[in-house]
Amino acid sequence: MPGRIHKEGSIGIVSRSGTLTYEAVYQLTQRGIGQSTGIGIGGDPIIGTTHIDALRLFNDDPETEAIIMIGEIGGSAEEAAAEFVKQHVKKPVVGFIAGQTAPPGRRMGHAGAIISGGQGTAAHKIEAMTAAGIHVVVSPAEIGATLARVIGKS
């Protein structure tokens with residue numbers, strides 16, 4: 001990631017998309033809001049760190065005041081993460097799901113970004129995240145402004 005766009009601060013970012021990670025970082029930095037940590041977990045079907053792993057770390061970190069969670073279509077990781085947020089996370093979370101316009105059954109981008117067996121649709125992920133109290137945006141262009149509003153720095 002381009003180092004020049006980062007700013008030391010208090011927002012944790014976890015994302016399945018590298019590009020959207022640094023888009024979120026750039027939007028925050030442009031608003032004078034820094035990041036505590038950015039974690040790119042990738043979108044492959046076999047991963048190491050999960051959204052829940054990162055959310056747990058951010059929730060326990062006293063230097064992180066809010067979280068951005070970026071997911072994508074395919075699998076059920078974001079739904080599980082939303083349930084974790086609902087039950088355990090005490091900090092505000094802004095979320096985005098990539099692939100909202102992907103045609104069903106078609107592999108898009110990352111190896112794991114495919115909707116199969118009725119699981120992993122953007123609509124279902126957004127519904128789960130909203131029900132968990134996550135501030136979901138419909139466009140990645142809204143991530144920084146929404147986070148700023150949520151933490152009172154808009």
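When a residue number appears, it is its place in the shown sequence, counting from 1.
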Could you tell me whether a side-chain N or O of Q35 sits under 3.5 Å from a main-chain N or O of K7, the two making a donor and an acceptor? yes
Roughly how far apart are R4 CZ and Y26 OH, rounded to 0.5 Å? 9.0 Å
Taking every heavy atom of F84 against every heavy atom of R56, the minimum-distance pair comes out as CE1-NH2, 3.6 Å
How far does OG of S17 sit from CD1 of I41, to the nearest 0.5 angstrom? 11.0 Å
Closest heavy-atom pair, F96 versus I143, reported as atoms and distance to 0.1 Å, is CB-CD1, 4.2 Å
Locate the shortest heavy-atom distance separating A82 from A132; write the atom from each residue and the value. O-CB, 3.1 Å
Nearest 0.5 Å please: distance from the CD1 atom of I11 over to the OG1 atom of T64. 8.0 Å
More than 12 foreign heavy atoms under 6.0 Å from CD of E8: is that the case here? no
Would you say L28 and I68 make side-chain contact, with heavy atoms under 4.5 Å? yes
Can you name the nearest heavy-atom pair linking I73 to R16, along with the distance? O-NH2, 3.6 Å
Keeping the roles fixed (side chain from D61, backbone from F58), state whether a donor-acceptor pair exists under 3.5 Å. no
Closest approach of T49 to A54 (non-hydrogen atoms, all atoms of both residues): CG2-N, 4.4 Å
With no hydrogens and no angle check, is any side-chain donor or acceptor of H51 less than 3.5 Å from a backbone partner on I70? yes
Looking only at atom types and distance, does a side-chain atom of K125 sit under 3.5 Å from a main-chain N or O of I97, one as donor and one as acceptor? no
Is I134 reachable from L57 through a run of hydrophobic residues whose side-chain heavy atoms are each under 4.5 Å from the next? no
Flag the pair I151 / I33 as yes when at least one side-chain heavy-atom distance between them is below 4.5 Å, and no otherwise. yes
Check the pair L20 / E72 against side-chain contact (heavy atoms from CB on, under 4.5 Å), numbers first and verdict last. CA-CA 11 Å; L20 289 177; E72 63 184 21; over 6 Å; no
In short, E142 meets V138 closest at the heavy-atom pair OE1-N, 3.4 Å
Find out whether L147 and Q27 are in side-chain contact, i.e. whether some heavy atom of one side chain is under 4.5 Å from a heavy atom of the other. no
Assess the side chains of H124 and E79: does a donor N or O sit below 3.5 Å from an acceptor N or O? yes
How long is the straight-line distance from CE of M69 back to CD1 of I39, given to the nearest 0.5 Å? 13.0 Å
Got a sec, which residues hit salt bridge (charged side-chain N to carboxylate O under 4.0 Å, His left out) with K153, two or more places apart in sequence or on another chain? E65
Do the side chain of T21 and the main chain of S15 share a donor and acceptor less than 3.5 angstrom apart? no
